[in-house]
Amino acid sequence: MAKVNIMIVEDDAITAMDIKEQLKNLGYVVTAKASRGEDAIQKAKENAPDLVLMDIVLKGKIDGIEAAEQIRTQFGIPVIFLTAHADKERLNRAKLANPYGYLLKPFQDRDLEVTIEMALYVAKVDAERKQIEEKLTKSEMLHKEAQSVAKIGHWSLDSPSGTPVWSEEIFHIVGLDPMLSKPSFAALVNIIHDEDWDLLDHSIQDLSVNGTPFDIEFRILRTNGETRWMHAKGFAEKDENNRVARMFGTAQDITDHKQTVEALRESENKFRNLFDSSIDPVYITTQEGFILDVNQAFLDLFGYTIGDMQDMNVQAMYANPDDRMIFRQDIGRRKYIKDYELKLRKKDGTSIECLVSASVRKKSDGTILGYQGVIRDITEKKRVEEALLGHKKQLRHLSSQLIEAQEKERKRISLELHDEMGQTLASVGINLGIIEKNLPPDCPRIIKNKLDEIDFMIEQASDRIRELSLHLRPPILDDLGLIPTLRWLLSRLESSVKVVFDYKQIDDKDRLSQEIETVIYRVVQEATTKILKHAEAKEVVVNLNIEEGISLIVKDDGKGFGAKDQKITDDLKAGIGILGMNERVEMLGGKFDIQSRKGYGTRISVEIPLY
């Protein structure tokens, strides 16, 4: 199968790169990219892509809608609009550009692939239909012109003479030279297709004997071996004795018309085959909802027979009757809907969850004929999703309990290190000092040196235990709260990196809950630890805003990382990491986001509601 060449028109470089990667994974070829409407038109002319993915909102003199319109009218290239949001006026303009589909950003690979394949197929069928219609129109125009200027061949035969007369056009049709050939029935025998001779012979005999007119179609074989279709008419004039005195008629070459009709029939068969072979239920209805046609997948899903569809209205299939009115309002306003969720009823009365994608059927004058669409049964998918959601809630509950237990254990170990180990080392240090003071004057120097080494090791151990205790859970967090703890934590970083702390709270009289304070502290602690370890940053900015909710931003100007950075992958395996921060935030009903690009630093944002 030939590769499909696609041009991306998107003014956001990161989004364009993501779309290119998606297309590459799906097997498409990105032949060009543009960020402005003017560039898109020029590149469409130069590269002639099979399809264009066009962002509606573009920077520059013209937006994506105008660029799409020019690309369609000048080059006939199908366009799919990409949009994240758009006002009503812009959407109405977008409709006038006759796009082959819409994709709402961000989109999944399957949605992208289905929309592209449908657009390519519709564009191909439209092109074939257009060619067929142009040929049919041309054939009809030639036919009318031939009639108006007497270009249709005519023939006649007088009974007394028995000599046929052919117009020059007849000779041209049958492929004979009027200067070298004479009209005769012998000549007809040589050019009429064997399978059609009996039809022509019987028609002429009936006309000559009984005066019965004929209107027939038959094939002729030219001397060059070409087969042509003829449409012939014959009439008779009778004398006073009611005997045929003269026969006359016309003959027209209708080969082009036949081929056009056959091609049109083949195109319609393609539509029908696509309709019937679809694994998803497909339907066509009137504007009032009466079913005109459905495929076998529709009958199988809903349990009906084709006979049940006679005079049936889709209103009876809605589990909630009001949904039908809402559906008509939505599709009437948008002209096309995708993945519209509905609950429909089978013949046996059971309800199923469905996704419906449908469009409006119109006449050439814009009059609405009805609707056509595709249905997908998502009942099992919804059941699985609900089950997964239940499992997710259970896992989140277990995770919450685990984190809570972890924090308690951190606090316990921190206290034990500080109180028990710290006091033990302090006692050892005191006793060691007593020993040093009571050493005899003639004590060997080596013993004094060893005692000094032990004293130094005790101090190091005490400092290390103090650090471990603070890292596990600083007492200041429980005693004084979040803000003093963050100031203390960030002050410890200033020897390695410049730190900017911006804090705002509407009502700072009340402390946050212990759970929220712990989560915010852990996120800042983990983020700054990773910055010092990996980022090579010169500055760290921490913004904390407590109003109706909590907004936290931690960002640095370091080297950043890519989505496939091995250090980050290893870091996730090694400790709390990004996954742990995200889990803690989500347990509070919040949102966690991290954005990073190589060379542009990293930005972590947290949003937590205050109920």
Side-chain angles (χ1 to χ4, degrees), residues 402-499 501 514 517-518 520-540 542 554 556 558 566-568 570-577 580-581:
L402 180 61
I403 291 175
E404 183 180 354
Q406 184 186 54
E407 286 297 332
K408 289 181 179 179
E409 186 65 10
R410 281 171 175 258
K411 186 175 182 180
R412 184 189 66 79
I413 296 173
S414 176
L415 289 173
E416 287 184 359
L417 286 173
H418 182 271
D419 295 343
E420 296 181 14
M421 292 296 296
Q423 290 178 8
T424 300
L425 287 173
S427 297
V428 172
I430 292 171
N431 290 324
L432 187 62
I434 294 172
I435 292 172
E436 288 179 338
K437 288 181 180 180
N438 290 283
L439 287 174
D442 58 349
C443 180
R445 186 62 186 173
I446 188 171
I447 294 177
K448 291 183 178 181
N449 291 340
K450 288 297 180 182
L451 289 174
D452 289 340
E453 289 181 12
I454 294 171
D455 186 50
F456 179 73
M457 292 170 64
I458 290 173
E459 288 182 6
Q460 282 191 319
S462 297
D463 291 341
R464 181 57 180 158
I465 287 174
R466 189 180 303 109
E467 285 295 323
L468 286 174
S469 176
L470 292 174
H471 181 77
L472 286 169
R473 187 174 183 88
I476 190 175
L477 181 61
D478 297 309
D479 297 338
L480 300 181
L482 176 64
I483 304 306
T485 307
L486 289 181
R487 294 189 190 279
W488 165 81
L489 174 66
L490 296 175
S491 68
R492 293 162 62 87
L493 304 178
E494 291 180 344
S495 62
S496 302
V497 66
K498 180 182 177 182
V499 178
F501 180 42
Q514 186 181 56
E517 288 189 339
T518 300
I520 296 297
Y521 172 74
R522 291 302 183 197
V523 170
V524 176
Q525 180 190 40
E526 185 66 25
T528 53
T529 300
K530 300 311 179 200
I531 290 171
L532 291 178
K533 185 177 179 181
H534 299 300
E536 299 177 7
K538 296 179 180 179
E539 182 178 81
V540 176
V542 178
V554 181
D556 67 72
Q566 187 60 42
K567 288 185 178 179
I568 300 302
D570 294 341
D571 196 45
L572 285 172
K573 296 177 181 178
I576 178 176
M581 289 190 281

Distance (rounded to the nearest 0.5 Å) between L532 CG and R492 CZ: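 L532 atom CG to R492 atom CZ measures 11.5 Å (nearest 0.5 Å).
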side-chain contact (heavy atoms from CB on, under 4.5 Å) involving I447 - partner list, sequence neighbours excluded: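 I447 satisfies side-chain contact (heavy atoms from CB on, under 4.5 Å) with C443, P444, L451 once adjacent residues are dropped.
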Contact summary for V497 and E539, nearest pair of heavy atoms: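 Shortest heavy-atom separation between V497 and E539 comes out as CG2-N, 3.5 Å.
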Residues which pass side-chain contact (heavy atoms from CB on, under 4.5 Å) with A535, listed by chain and number, not counting sequence neighbours: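 I531, A537, D556.
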Residue from I476, D479, L489, L477 passing side chain to side chain contact (heavy atoms under 4.5 Å, CB included) with P484: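 Result for side chain to side chain contact (heavy atoms under 4.5 Å, CB included) with P484: I476.
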Qualifying residues under salt bridge (Lys or Arg N to Asp or Glu O under 4.0 Å), relative to K450, sequence neighbours excluded: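 If we apply the salt bridge (Lys or Arg N to Asp or Glu O under 4.0 Å) test to K450, skipping adjacent residues, the hits are E453.
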Side-chain heavy atoms of V524 within contact of L486, under 4.5 Å: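 Answer yes - side chains close enough.
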Working for side chain to side chain contact (heavy atoms under 4.5 Å, CB included), residues V542 and L490: CA-CA 9 Å; V542 178; L490 296 175; 4.1 Å; yes
For the student: nearest non-hydrogen atoms of L482 and E517, plus distance: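 Closest approach of L482 to E517, heavy atoms only: N-OE2, 3.4 Å.
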Pairing residues for I454 by the side-chain contact (heavy atoms from CB on, under 4.5 Å) criterion, not counting sequence neighbours: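 So I454 forms a side-chain contact (heavy atoms from CB on, under 4.5 Å) with L432, I458.
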Counterpart residues, side-chain contact (heavy atoms from CB on, under 4.5 Å), relative to I434 (two or more places apart):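 Here the qualifying residues are I430, N431, N438.
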